[in-house]
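Chain letters run A, B, ... following the sequence lines, proteins first, then strands; residues in each count from 1.
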2 protein chains.
Amino acid sequence: MTVSKTAEKSSEKPADAAKGRKDAGEPQAEALQLGELSEQLGYVLKRAQLKVFENFLRCMASLQLTPAQFSVLLLVEKNPGRNQTEIASTLGILRPNFVAMLDNLESRDLCARIRSTNDRRSHILVLTDKGKAVLARAKKLVATKHEARLNDLLGQANREALIGMLSKIANEF
Amino acid sequence: MTVSKTAEKSSEKPADAAKGRKDAGEPQAEALQLGELSEQLGYVLKRAQLKVFENFLRCMASLQLTPAQFSVLLLVEKNPGRNQTEIASTLGILRPNFVAMLDNLESRDLCARIRSTNDRRSHILVLTDKGKAVLARAKKLVATKHEARLNDLLGQANREALIGMLSKIANEF
DNA sequence: CGATATTTGATATGGTCCATAACAATTATC
DNA sequence: GATAATTGTTATGGACCATATCAAATATCG
């Protein structure tokens with residue numbers, strides 16, 4: 001747990017608190033022992049998640065999409081005509097916090113709120129043409145720059161196994 | 001991404017936004033399609049991480065230890081005599097944010113800051129006797145209630161493979 | 001029908017965590 | 001011995017999360 005987020009600038013680079021050298025000249029305090037920490041599920045899970053998000057943001061820099069925004073666009077595309085409550089709750093976002101998020105996407109003309117004719121309380125969500133185009137580009141970036149990197153690192157089979165196990169944890173733990 | 005934290009109370013239970021029934025009587029809008037989202041590494045990683053932390057907190061309720069606090073105690077035990085900067089940076093915690101965390105642990109008499117005689121700027125960190133005792137109990141709880149659950153869910157071999165892959169991501173991604 | 005309850009989107013607000021700047025005390029460097 | 005660097009700390013702002021509350025619209029039920 002307890003790892004930084006951005007890591008774009010100085011931050012802290014956990015694993016090598018005492019620089020990444022092997023045995024340079026200066027005395028230099030030796031590295032700390034992680035011990036049982038490196039076997040702790042939560043610890044390594046959090047670390048991995050931060051790294052993945054960080055990489056995601058880098059890949060998406062040109063489109064300025066966060067993981068959360070990307071997930072909203074994906075879900076709206078797959079389920080057009082749903083209202084805010086449905087989209088938000090499916091993603092585990094609380095309705096109050098979803099408002100500002102939609103304000104952002106809508107101000108960038110990526111999606112739109114449409115007053116429902118059936119139930120004039122609710123806002124139907126749809127992707128704009130620009131939203132569809134941006135999402136298409138985002139998908140390509142994710143596939144070629146982000147997910148592909150996992151394959152390089154773990155191999156196709158392991159990558160699928162990993163996703164499967166994480167899904168199981170997310171759903172059944 | 002974008003999933004809640006506590007999940008103790010109402011929150012949002014992502015997967016079943018429309019309740020967990022199969023096909024009850026009422027019309028009831030059908031569930032949303034996750035689509036490609038369920039294959040997104042970041043999405044499933046974040047989901048899993050939240051679930052694991054949530055479970056960790058439940059297991060530790062009697063000791064009132066968060067994942068971050070647990071990691072600090074583990075690291076201080078394994079590396080006694082180190083100062084705040086060393087412990088914090090190894091965990092990826094920024095020094096300013098580590099102060100309040102230590103204030104908490106110290107006020108509960110779990111660890112202590114000792115002014116170093118070599119360098120009177122730095123505070124050497126050590127576990128108190130109570131801290132050692134609490135950490136020992138915490139380890140048992142984690143092993144029997146937390147990590148054991150992963151074995152039940154994935155099996156020993158898969159659990160180890162998972163930790164290995166996550167470590168690889170955390171270190172090499 | 002009409003009173004009451006529920007739902008939807010929204011606002012306000014507080015908590016937690018993360019990040020940066022700046023400071024005093026101490027130590028290192030030159 | 002003057003200057004720079006380090007350590008712990010404070011102050012502060014941002015991002016994200018959670019709760020209470022509201023008005024408008026709808027549902028429910030007597």
So, [X] and [Y], do they make that salt bridge, N to O below 4.0 Å?
X: B:Lys139; Y: A:Glu36; result: yes
X: B:Glu86; Y: B:Arg95; result: no
X: A:Arg113; Y: A:Glu106; result: yes
X: B:Arg149; Y: A:Glu172; result: no

Classify the side chain of B:Arg121 and the base of D:dT6 as holding, or not holding, a donor-acceptor pair under 3.5 Å.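 By the distance-only test, yes, there is a pair.
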How many Å lie between [atom1] on [X] and [atom2] on [N], as a whole number?
X: B:Arg120; N: D:dT7; atom1: CZ; atom2: C1'; value: 13 Å
X: B:Glu86; N: D:dT7; atom1: CD; atom2: P; value: 8 Å
X: A:Phe53; N: D:dA15; atom1: CZ; atom2: P; value: 16 Å
X: A:Ile93; N: D:dA18; atom1: CD1; atom2: C1'; value: 14 Å
X: B:Arg95; N: C:dT20; atom1: CZ; atom2: P; value: 11 Å
X: B:Arg115; N: D:dT7; atom1: CZ; atom2: P; value: 13 Å
X: B:Gln84; N: D:dT7; atom1: CD; atom2: C1'; value: 8 Å
X: B:Lys46; N: D:dC16; atom1: NZ; atom2: P; value: 9 Å

Which comes earlier along DNA chain C counting from the 5' end, the contact point of A:Asn83 or that of B:Asn97, where each point is its nearest nucleotide?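 Looking at DNA chain C, the more 5' nearest nucleotide goes with A:Asn83.
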State which of C:dT20, C:dT8, D:dG8 makes the closest approach to the side chain of B:Leu94.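 From the listed options, C:dT20 comes nearest.
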With heavy-atom distances below 4.5 Å as the criterion, would you say the side chains of B:Leu162 and B:Asn158 are in contact?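 Sidechains of B:Asn158 and B:Leu162: no contact.
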Distance test, side-chain N/O of A:Ser122 to OP1/OP2 of D:dA25, below 4.0 Å: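 No, because none of the side-chain N or O atoms of A:Ser122 sits under 4.0 Å from OP1 or OP2 of D:dA25.
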Need one value for B:Asp119: base, sugar-phosphate or nothing, where a base atom within 4.0 Å counts as base even if backbone is also close, heavy atoms only.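 The answer is sugar-phosphate, as B:Asp119 gets under 4.0 Å only of primed atoms, P, OP1 or OP2.
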Classify A:Asn118 by what it touches in the nucleic acid, base, sugar-phosphate, or nothing, heavy-atom distance under 4.0 Å.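 Here A:Asn118 touches the backbone only, sparing every base.
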